[in-house]
Structure formats: C-alpha cells, structure tokens
Protein chains: 2
Amino acid sequence: MILKRRTTIKDVARHAGVSTAAVSYVLNGKENRVSPETVEKIREAIRELNYIPDFSARSLVKNASKLVGVIIPQTEDSKQLILENPFYSEMVSNIESKLREHGYHLILSGVDKGKSYLDISVQRNLDGAIIMGIYPEQFYAELKEVKIPIVLIDSYINDTYFSKVGIDDEQGGYLATRYLIDRGHRNIALVTGSIRKDGVVEKRFLGYKRALQEAGIFYNPDYVFEHSVSYAYGYEAGKAIAAGHPEITAVFATADMVAFGVIQGIKESGKDVPEDLSVIGFDDIFLSRMFVPPLTTVRQDIALKGRKAAELLLEIIESDEPDVVDRKMEEIPLSIVERQTVRSL
Amino acid sequence: MILKRRTTIKDVARHAGVSTAAVSYVLNGKENRVSPETVEKIREAIRELNYIPDFSARSLVKNASKLVGVIIPQTEDSKQLILENPFYSEMVSNIESKLREHGYHLILSGVDKGKSYLDISVQRNLDGAIIMGIYPEQFYAELKEVKIPIVLIDSYINDTYFSKVGIDDEQGGYLATRYLIDRGHRNIALVTGSIRKDGVVEKRFLGYKRALQEAGIFYNPDYVFEHSVSYAYGYEAGKAIAAGHPEITAVFATADMVAFGVIQGIKESGKDVPEDLSVIGFDDIFLSRMFVPPLTTVRQDIALKGRKAAELLLEIIESDEPDVVDRKMEEIPLSIVERQTVRSL
DNA sequence: AAGTTAAGTATAAACGCTTTCATTTTGGAT
DNA sequence: ATCCAAAATGAAAGCGTTTATACTTAACTT
C-alpha cells in the first residue's frame with residue numbers, strides 16, 4: 001500500500017500560482033480578502049487536484065475539531081452499549097443526521113466503568129458532547145473541567161453548567177399511574193430500572209407515588225420491582241407478579257422495553273394482558289405500536305429529543321460567547337397513547 | 001469560558017526537567033531510549049499535570065488517527081440512519097466495544113445520497129472503515145482511492161481490495177425456503193427489500209429460487225413482494241397476501257423486521273399466524289424471541305458479525321504490511337431457529 | 001591517557017493548516 | 001505626475017506532536 005502523499009494546501013497554492021494564505025482564505029469563506037479572479041483560480045485548482053482539507057491540522061490551529069462526542073449507557077455486565085434499545089438508537093440516529101447537516105461528525109462511545117470521559121474529549125479536542133443517561137457525580141465534575149459545551153439527555157443533575165433536554169418525568173410517572181387508577185386499578189406494581197439519584201426513573205417513581213397518594217392508595221414497597229432497564233428483567237418481574245401477587249391488577253413499567261418483558265412473563269405464567277393484568281409502558285418506542293397486543297404507554301417524541309439535543313449543542317458551540325448562552329432545559333411534551341394493554345376494571 | 005491553555009508535552013518536559021523528546025518516548029512506549037529514573041520522573045510529571053495527548057497533533061505527524069469510520073445505510077426518503085433496526089444497532093454496539101478495547105474511536109455516519117465517503121475519510125485521516133450494506137459502484141471505486149483498510153459487511157462486491165464479513169445468504173435463503181417446503185408448503189411468497197446487485201437480498205432470493213426448483217415448484221414472480229426492508233412494507237405486503245392470495249400458505253421475509261410487519265398485516269386481515277399462514281424471517285434479532293408469536297427465523301450471530309468485522313479491520317490496520325494481508329471473507333455460521341410462526345401442512 | 005563505544009538526552013524539522021502582519025499592487029484623487 | 005488609501009498578496013509563526021539526527025556524557029578498552 002504505497003500511500004500517495006496527501007494533496008495539501010501547498011499543492012493547491014502552487015497549482016494556482018498563489019500563496020497558501022490565499023487558498024486558506026477561500027477555504028474558510030473569507031473570500032473578501034482575495035480578488036474574485038484569484039478566488040476562481042483557487043477554486044479551480046481545488047477541484048482539479050481534488051483537494052480535501054485535513055481536519056487534524058485545522059483542529060490544531062483553530063482549536064476546534066468539528067467533532068461531537070455522544071455517550072450512551074452501557075450494559076452493567078459487559079461493556080457493550082445498550083444501543084439495542086430502540087430508545088437510544090432512535091436518538092442517536094437523529095442526532096447524527098442533525099450534526100452531519102451542520103458539518104460535524106459524531107464519535108459514538110460508551111464510557112468504561114469508573115473511567116472518565118476526560119480522555120477522549122481532550123484527546124480528540126471535542127467541540128461538545130451529548131450525554132445520555134446518568135453517571136456517578138465524579139463523572140460530571142471531570143466533564144466540567146474540559147470546558148466544552150455539554151448537553152445532558154435525561155439527567156437531573158443540578159448544575160447550570162450543563163444544558164439539558166428531557167421530559168417531565170415526574171409528571172410522566174404520575175400520568176401513567178393516574179391513568180391506571182382512573183380505570184379502577186388500586187394495586188399497581190412498578191417495574192423499573194434502578195432508581196438512581198437524578199435519573200429519570202427516580203422522578204417517574206415519585207410521580208407514581210404522588211398519583212397513589214392523591215388517590216388515597218397506600219404505597220406498598222413490595223409492589224416496586226427495581227432492577228434494570230431490560231426485557232429480561234421485565235420478564236422476570238412479570239412472572240413474579242403473575243405468580244406471587246394475585247391482588248395486583250396493573251403494572252406500570254418505566255420503559256417500553258421492560259413492559260414487553262413484563263407482558264411476556266405474565267403470558268408465560270398463564271395469565272393474559274389485559275384481561276388478567278393491565279400494563280402501561282413508557283417511551284413509545286416504534287416497536288410498541290407493533291407489539292402484540294399493542295402497548296399502551298406514555299409517549300415522548302424520541303426523535304425530537306435527539307434533534308433538540310443536537311440543535312441545542314450546536315447553538316452553544318456556534319455562539320460567539322458560549323459561556324454566556326444560558327443553559328436551558330428543553331422540555332419535550334408528553335402524552336398517553338392508549339392501545340390495548342390496559343383494561344378498565 | 002476562559003479556556004485554560006492545554007497542558008502540552010512541553011509543560012511536562014519542563015516540569016520533569018527533560019526534553020520533549022524524552023517525554024514523547026515514554027508516551028510511545030519507547031522507554032528503552034530513556035533511563036529508568038528519567039522515565040519515572042516523566043511519569044510523575046504526566047500524572048501531576050494531568051497531561052492528555054492531543055490526537056490531532058499526533059495524527060498529523062504519525063499519519064494515523066486511531067479513528068475508524070462506520071457507515072450504516074440510511075432510509076431512502078429522509079437522511080436518517082436506519083439504526084432503529086436492531087440488526088444494525090447490535091452490530092454497531094459490538095463494533096464499538098471492540099474498537100474501544102483497542103484504543104480506537106468510532107465515527108458513526110451515514111452517507112448522503114450520491115455523495116462519497118471520500119471526504120470524511122480524508123478529512124479525518126481515518127485508519128479504516130467498516131461499511132454495512134450496499135452502495136452504488138462508484139462509491140466503492142472512490143473508497144479504494146483512499147487506500148485505507150476497509151471491511152464490508154453484507155456485501156458481495158467482487159473486489160479483493162475489500163475484506164468482507166458476511167454469511168452465506170444464498171444458503172440462508174435456500175434453508176428458509178426449504179424449511180417451508182419440507183413442511184408441506186408449495187405456494188410460498190417472498191417479501192423483501194429491493195433486490196440489488198451484490199446485496200444480500202439478491203442472494204437470498206437466489207436461494208429461494210433454488211429451493212423451489214429443487215422441489216419442482218414453479219417459480220411465480222407474482223409471489224415476490226419487493227420493496228424495502230421495513231416493518232411498514234412488511235405490513236403492507238402481509239395485508240396484500242392475506243387478502244389477495246388465498247392460495248399462498250407461507251411467506252419468507254428476508255428480514256425479521258419485515259416478518260413482524262407481515263405478521264401484523266396478516267393478523268389485521270383477520271387471519272392467523274401460523275394457523276392460516278406460516279411466516280419465516282431472517283436474522284434472528286433479539287426481538288424475534290420476544291415477538292408474539294415467537295418468530296421462526298434463520299439465525300445469524302449478529303454480535304459476532306460486528307465483532308469479527310472490527311477484529312478483521314484492526315488486524316489489517318495493525319499489520320505492518322497492510323497491503324500484503326490477504327483480504328479474507330469471514331463467514332458467520334447460519335442456522336434455523338424453530339419457534340412458532342410456521343406450521344406443517 | 002587517549003580512544004572507542006554505547007547510552008542518554010536534546011535540538012530541530014516536519015506534519016497541514018490558519019492567521020497576523022508586513023509588503024506590494026491598484027486605482028483614484030489631487 | 002504624485003500621493004494615499006484601500007485592496008490584494010505573501011511570508012512566517014504557531015498549533016502539539018514525533019522522530020531523525022546531533023550532541024554529551026559515562027564507561028570501557030587498550
């Protein structure tokens with residue numbers, strides 16, 4: 001593989017009979033510094049030589065890489081991204097297209113347990129990052145050090161340094177639970193990923209409790225099944241509920257993926273959804289529509305969430321005074337979509 | 001945002017009282033060129049100053065970026081990645097973890113219709129790329145120009161320049177069809193994404209025809225429903241089959257995602273799977289297990305596919321003579337997993 | 001003691017680009 | 001013709017690294 005030498009700005013300059021500075025000017029849209037004829041000559045040369053700039057060199061001098069980091073959570077056990085969950089892949093896909101539209105590229109990555117994201121952000125000179133999910137305190141502290149714009153998706157970290165996009169999870173949890181209560185359910189289980197401080201699950205849990213309390217229903221800790229956001233855990237919980245809790249008539253799963261598992265678990269225990277047990281999910285991933293039976297769930301616009309996060313980040317990156325932009329919290333609207341997994345008692 | 005100046009190798013050198021060369025040596029594992037005490041001093045300085053190297057600068061001089069491009073197909077209409085399909089997200093997730101393990105980062109991207117991948121590979125000085133799916137001829141021609149190692153996933157482009165990882169799709173198509181035939185089906189529909197040259201679908205289609213022929217069944221073009229790899233199209237086709245072709249007893253969908261749609265379409269036409277119509281899919285994405293009814297399908301190890309692609313690429317990148325490594329075709333094994341969507345006639 | 005060698009270290013060029021600033025050219029105005 | 005401002009151009013420094021090369025020192029040989 002004899003690597004042909006790169007075509008550089010120098011080649012272009014020579015070919016056009018001008019200095020590298022001139023070439024750089026037209027490359028950077030500062031054409032007013034160059035005469036129209038020269039611009040044309042340079043354009044021509046660029047075309048003829050098929051010149052493509054080197055972003056590393058550019059990054060070095062401009063101190064901007066046109067690179068954005070995107071972090072998504074990993075499975076607890078292995079080090080794999082939980083990209084399989086359509087919730088994340090749909091967001092990533094929307095973030096990617098928005099970024100590309102603006103000439104940015106995306107480095108997709110998980111972050112090793114206990115390790116920081118400092119390394120990659122500094123190594124790659126990232127212009128910004130979008131972080132999904134929730135991490136240890138320390139992680140955020142380090143992130144701030146890097147001094148790049150950060151957008152947090154689904155995090156309640158209370159620090160104005162970070163911009164955020166998310167939903168009103170407490171309200172979502174409330175809505176879901178209330179929806180069940182309104183249909184006559186009193187003994188309502190909660191199946192959920194681990195309830196961590198500043199995470200979405202914590203808020204949804206709070207909403208669940210608020211709805212219960214408001215309806216005068218005693219909160220029973222035995223009814224919360226907390227472990228991980230996965231089909232597998234939902235399945236397990238579904239079985240446990242169907243087998244061990246005949247008094248429970250409905251379950252609120254804090255993610256559609258979990259709800260699928262719950263339903264499957266219930267079915268395999270010989271009960272039916274929604275005849276014997278009602279189930280409501282959260283997210284409305286595109287699969288929920290196609291599930292059998294179609295899942296009743298709390299809908300959030302996932303694509304919008306991704307797009308908003310990208311837009312917000314770009315806005316901060318491209319503002320002249322990134323430190324002055326006030327860090328807003330973009331809130332994506334919420335609604336219940338009624339399908340066929342909840343019945344009225 | 002007062003950007004504190006980067007900590008550079010110079011700072012480290014000064015702090016340790018040595019030259020930048022020495023620092024660079026220990027950074028690059030050439031410690032034998034430096035005395036043990038100096039190494040220690042430098043290590044200390046690095047730690048104390050919290051030094052993190054700049055990969056742009058490194059890339060510039062080493063002409064290697066530790067960056068790998070990953071391309072996945074986009075939806076026809078919009079410019080969005082079809083990452084929602086778990087088939088892709090599972091691969092990406094496995095590729096990512098493998099790459100990260102080896103100190104590489106991944107730039108995830110689609111490629112704009114008609115545009116080339118040349119830009120990004122040159123701009124970013126990519127060390128290699130993994131390309132999923134199939135693109136116009138021209139695309140590959142340009143790709144070769146860049147002279148970086150490329151691994152193609154699911155492509156039958158006949159060019160030894162590229163390494164490949166894939167399955168025996170013809171055999172897969174054959175197996176699926178044969179499976180149905182063996183269970184008494186004669187009128188078998190094929191529902192598939194567009195049959196493009198050198199794509200997996202073309203091969204599966206060929207396998208379908210071979211099985212038919214071998215069984216002495218007349219191939220009926222009316223039985224192939226060709227459009228796009230999507231739930232939506234499957235749904236449409238499912239309806240069309242259930243409503244307009246009472247003689248058809250089984251359908252082979254060339255992707256699980258499509259099979260889901262087909263089944264849904266059939267059900268909404270008032271027929272049942274597998275009672276009235278049998279359906280077999282392809283891929284065995286993790287959802288197929290959880291689908292109701294659980295999908296009978298041709299299984300390929302998607303995670304393995306991703307990992308193999310990453311490994312293969314790394315192997316070529318890190319070999320001293322990348323042009324000498326012979327470009328193999330890694331073949332992932334195939335099998336049928338029997339679940340509940342096919343019945344014997 | 002002089003010479004040789006090896007080991008350790010430092011200097012400086014190079015990678016491809018942007019951008020400051022000095023210089024040259026142009027074209028009015030006088 | 002002369003002057004001047006404005007426009008166009010170019011030289012060169014610098015971004016943070018690596019690495020070839022040069023240099024210094026220490027350690028052996030004779």
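Proteins get letters first, then strands, A, B, ... in listed order; numbering begins at 1 in each.
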Practice prompt. Scan side-chain atoms only and decide if A/Asn125 and A/Lys66 contain a donor-acceptor pair under the 3.5 Å cut-off.
Written response: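 Side-chain D/A pair, A/Asn125 to A/Lys66: absent.
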Discussion item. Can a side-chain donor-acceptor contact be found between B/Ser59 and A/Ser56 if the only test is distance below 3.5 angstrom?
Written reply: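 There is such a pair between these side chains.
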In chain order, what residues pass the salt bridge (Lys or Arg N to Asp or Glu O under 4.0 Å) check against [X], with sequence neighbours excluded?
X: A/Glu48; answer: none
X: B/Glu311; answer: B/Lys98, B/Lys308
X: A/Asp112; answer: A/Lys79, B/Arg100
X: A/Asp127; answer: none

Fill in: Listed partners of B/Phe139 passing ring-ring contact (aromatic ring centres under 6.0 Å, His included), at least two apart
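By the ring-ring contact (aromatic ring centres under 6.0 Å, His included) rule, B/Phe139 matches B/Tyr135.
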Item to complete: Could you list the residues that satisfy ring-ring contact (aromatic ring centres under 6.0 Å, His included) with B/Tyr104, not counting sequence neighbours?
Response: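 With neighbours one apart ignored, the set is empty.
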Worksheet entry | Pairing residues for A/Thr20 by the side chain to side chain donor-acceptor pair (under 3.5 Å) criterion, not counting sequence neighbours |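 None.
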Fill in: Quiz item: cation-pi between A/Arg124 and B/Phe55, 6.0 Å / 45°
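Because its charged atom misses either the 6.0 Å distance or the 45° angle limit, A/Arg124 does not stack over B/Phe55.
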Practice prompt. Could you tell me whether A/Arg43 and A/Glu31 have a side-chain N and a carboxylate O separated by less than 4.0 Å?
Written response: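 So A/Arg43 pairs with A/Glu31 through a salt bridge.
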Worksheet item: Which parts of residues 34-42 of chain B get close to DNA chain C, meaning a heavy atom less than 4.0 angstrom away?
Response: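 Heavy-atom cutoff 4.0 Å gives B/Val34, B/Ser35, B/Thr38.
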Item to complete: Going 5' to 3' through nucleotides 14-27 of chain C, assign each nucleotide B (protein heavy atom under 4.0 Å from a base atom), S (under 4.0 Å only from sugar-phosphate atoms) or - (no protein heavy atom that close).
Response: -BBBBBBB------
Worksheet entry | chain B contact limits on DNA chain D, taken 5' to 3' with a cut-off of 4.0 angstrom to heavy atoms |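 First-to-last contact on DNA chain D, by the 4.0 Å heavy-atom rule, is D/dG16 to D/dT21.
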Discussion item. Checking B/Asp154 now: which residues fulfil side-chain contact (heavy atoms from CB on, under 4.5 Å) with it, not counting sequence neighbours?
Written reply: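 So B/Asp154 forms a side-chain contact (heavy atoms from CB on, under 4.5 Å) with B/Phe87, B/Val200, B/Lys305.
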Discussion item. Let me check the geometry of the helix from C/dA1-D/dT30 to C/dT30-D/dA1. What is the bend angle between the axes at its two ends, five pairs each, to 10°?
Written reply: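 Taking the rotation axis at each end, their angle is 60°.
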